[in-house]
Amino acid sequence: MTTHELEQLLMQQPVSLLHRLARGRISRHFRSGKRKLVDLLLQASAENRPGLESDLAALIEEQSPRHQARPVEPPPKPKAPTRPATSPVSARPHRADDHGHHEPPVSLREWLSGIGIPQAQPFVPDAWQVDALARLADTDVVVSVPTGSGKTYVAIEATKRAMQENRTVIYTSPLKALSNTKFTEFSRLFGPGQVGILTGDRREHAQAPLLIMTTEILRNLLYDAAGGEIDVRLDTLGLVIMDESQYLADPERGVVWEETLIFCPSQARLLLLSASIGNPQDIADWLTAIRPNPCALIRHTKRSVPLRAGYLHPNEKLTPLFRTAGIPYGQPHLLHPEAKRLFAEYVEETGASRSR
Ligand SMILES: Nc1ncnc2c1ncn2[C@@H]1O[C@H](COP(=O)(O)OP(=O)(O)OP(=O)(O)O)[C@@H](O)[C@H]1O
Ligand SMILES: [Mg+2]
């Protein structure tokens, strides 16, 4: 898509959609009119064009009549309902709910559809993965994409590249358990002698070219280096991968991430991975400000694996929690009528509201 085409497409969208697209990309976007908002979005797209285009496509898709009025399975032939309270979701009459929505709620069958083992296909990296790796050649990179998108692929490919250049790679995670899992996974991939682990509980192959450690351990190594006790691994350090980097915002442990980033040697590339940073652009801007190289942001919000929210009543009845199959983006309040009914039934049966 050319910039002109993108501009035309943005101008055709309602302002509410543009504001949703601007979230996390443009600060105080609610103060802008439509024209200004489109200009700001085009400016922001210079940072991460594929991410903006994919988010825009997802929002347009979400607003399309096809998406809103999902086809529902034909209602079963009317039978004399013995217990209307447990009648199938799809058999319930469609009425406007409290929010004035007339579209039919998703049925349980639709909500469960597609779950299973997908057919094996050749691996083709997504555009954002290719983009992240290309950017990493010249800059630090913050990757902010939904869970299950394939952040590990970027980490592995970047590690391979750095190891080919005889550079040390440090992979940090916030949890010992995750460090152990990654140690096993990466040892299988790169060969056991190539991977080391340093946590509070384990110390193995401490001179390996790829070191897995908790962020606290890396912070302490950097402290020692700052105090003059240069660790040989830091001399050759080429890449620092910080998985689950949203811990930067943790009220107690966040300072460890902050200090690690501040003390990280300038010759090493930084790769921050997260599915849940609310303000990734701010983080990228901050890193650009404190480090010699700029920091690129790779961001999109389209889920490769949609999340489904369901409600399991103590009577074992399962129902979608929301009116749609996936978790509705920006509209978490649109509860499924059957879930609402089950909540009400539960409150009535247990007196839950009285006990509050
Ligand atoms: N381009 C791709 N096409 C298809 N599948 C992919 C692609 N990239 C990664 N995957 C697969 O997606 C799954 C999830 O990947 P991964 O564990 O890297 O996700 P993640 O982004 O790290 O998620 P989390 O936020 O939960 O840590 C893996 O099975 C991986 O093999
Ligand atoms: Mg991951």
Side-chain angles (χ1 to χ4, degrees), residues 136 140-145 147-148 150-160 162-163 167-277 280 283 286-287 290-291 295:
L136 204 54
D140 296 334
V141 173
V142 172
V143 171
S144 172
V145 298
T147 193
K151 294 184 281 296
T152 314
Y153 170 79
V154 178
I156 290 172
E157 290 304 309
T159 299
K160 281 184 190 164
M163 282 168 71
R167 312 293 282 176
T168 304
V169 178
I170 293 182
Y171 179 103
T172 76
S173 90
L175 306 168
K176 288 176 194 167
L178 185 58
S179 299
N180 287 334
T181 308
K182 288 294 172 194
F183 178 58
T184 310
E185 182 185 340
F186 289 168
S187 296
R188 211 174 288 140
L189 199 67
F190 292 99
Q194 298 291 300
V195 189
I197 183 165
L198 300 171
T199 67
D201 297 342
R202 277 179 94 176
R203 189 182 172 88
E204 288 175 40
H205 306 301
Q207 298 299 325
L210 168 56
L211 293 170
I212 319 283
M213 57 184 80
T214 47
T215 313
E216 275 79 358
I217 299 273
L218 176 57
R219 193 268 310 262
N220 295 346
L221 279 179
L222 295 172
Y223 268 175
D224 292 347
E229 292 175 43
I230 302 284
D231 189 299
V232 69
R233 280 158 302 183
L234 297 183
D235 280 349
T236 57
L237 190 59
L239 175 67
V240 173
I241 302 167
M242 298 183 90
D243 205 354
E244 310 294 345
S245 52
Q246 71 278 4
Y247 268 78
L248 189 55
D250 187 89
E252 284 173 10
R253 295 177 66 196
V255 64
V256 177
W257 270 252
E258 195 174 337
E259 288 176 351
T260 305
L261 290 168
I262 290 169
F263 284 117
C264 186
S266 54
Q267 92 277 0
R269 287 268 175 276
L270 277 174
L271 173 60
L272 270 63
L273 305 174
S274 178
S276 55
I277 296 183
I283 305 302
W286 175 63
L287 287 171
I290 63 163
R291 289 181 50 85
C295 179

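What's counted below: heavy atoms across the whole structure, side chains too, no hydrogens, waters or symmetry copies.
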Salt bridge (Lys or Arg N to Asp or Glu O under 4.0 Å) contacts touching residues 168-194 (sequence neighbours left out): Lys176-Asp201, Lys182-Glu185
Shortest non-hydrogen contact between Gly193 and Pro209, atoms and distance: O-CD, 4.3 Å
Heavy-atom check, side chain of Leu210 versus side chain of Phe186, under 4.5 Å: yes
Contacts of type side-chain hydrogen bond (donor to acceptor under 3.5 Å, both in side chains), residue Ser144, not counting sequence neighbours: none
Any residue meeting side-chain contact (heavy atoms from CB on, under 4.5 Å) with Ser276, in chain and number order, not counting sequence neighbours: Gln246, Ser274
Leu248 side chain near Met242 side chain, heavy-atom distance below 4.5 Å: no
Partners meeting salt bridge (charged side-chain N to carboxylate O under 4.0 Å, His left out) with Arg203 (sequence neighbours left out): none
4.5 Å side-chain heavy-atom contact, Asp235 and Pro265: no
Qualifying residues under side-chain hydrogen bond (donor to acceptor under 3.5 Å, both in side chains), relative to Thr214, sequence neighbours excluded: none
Interatomic spacing from CG in Asn220 to CG in Leu198 - rounded to 0.5 Å: 11.0 Å
Pairs satisfying salt bridge (Lys or Arg N to Asp or Glu O under 4.0 Å), at least one member in residues 238-250, at least two apart: none
Set of side-chain hydrogen bond (donor to acceptor under 3.5 Å, both in side chains) partners for Gln194, sequence neighbours left out: none
Nearest-0.5 Å distance that lies between atom CD1 in Ile170 and atom CG in Leu218: 5.0 Å
Any donor-acceptor N/O pair, Thr172 side chain to Met213 backbone, under 3.5 Å: no
Contact check, side chains of Tyr247 and Leu175, non-hydrogen atoms, under 4.5 Å: yes
Interatomic distance, Ile241 atom CD1 to Thr159 atom OG1 [nearest 0.5 angstrom]: 3.5 Å
Distance, nearest 0.5 Å, that separates CD1 of Ile217 from CD1 of Ile212: 13.0 Å
Residues that Arg291 engages under side-chain contact (heavy atoms from CB on, under 4.5 Å), provided they are two or more places apart: Asp140, Cys264, Leu270, Leu287
Pairs flagged by side chain to side chain donor-acceptor pair (under 3.5 Å) wherever residues 256-266 is involved - sequence neighbours left out: Arg219-Glu259, Tyr223-Glu259
side-chain contact (heavy atoms from CB on, under 4.5 Å) involving Arg202 - partner list, sequence neighbours excluded: Asn180, Phe183, Ile197, Thr199, Glu204
Heavy-atom pair with the smallest gap, counting every atom of Leu221 and Leu234: O-CD1, 3.9 Å
With sequence neighbours excluded, residues passing side-chain contact (heavy atoms from CB on, under 4.5 Å) with Ala158: Leu133, Leu136, Leu239, Leu271
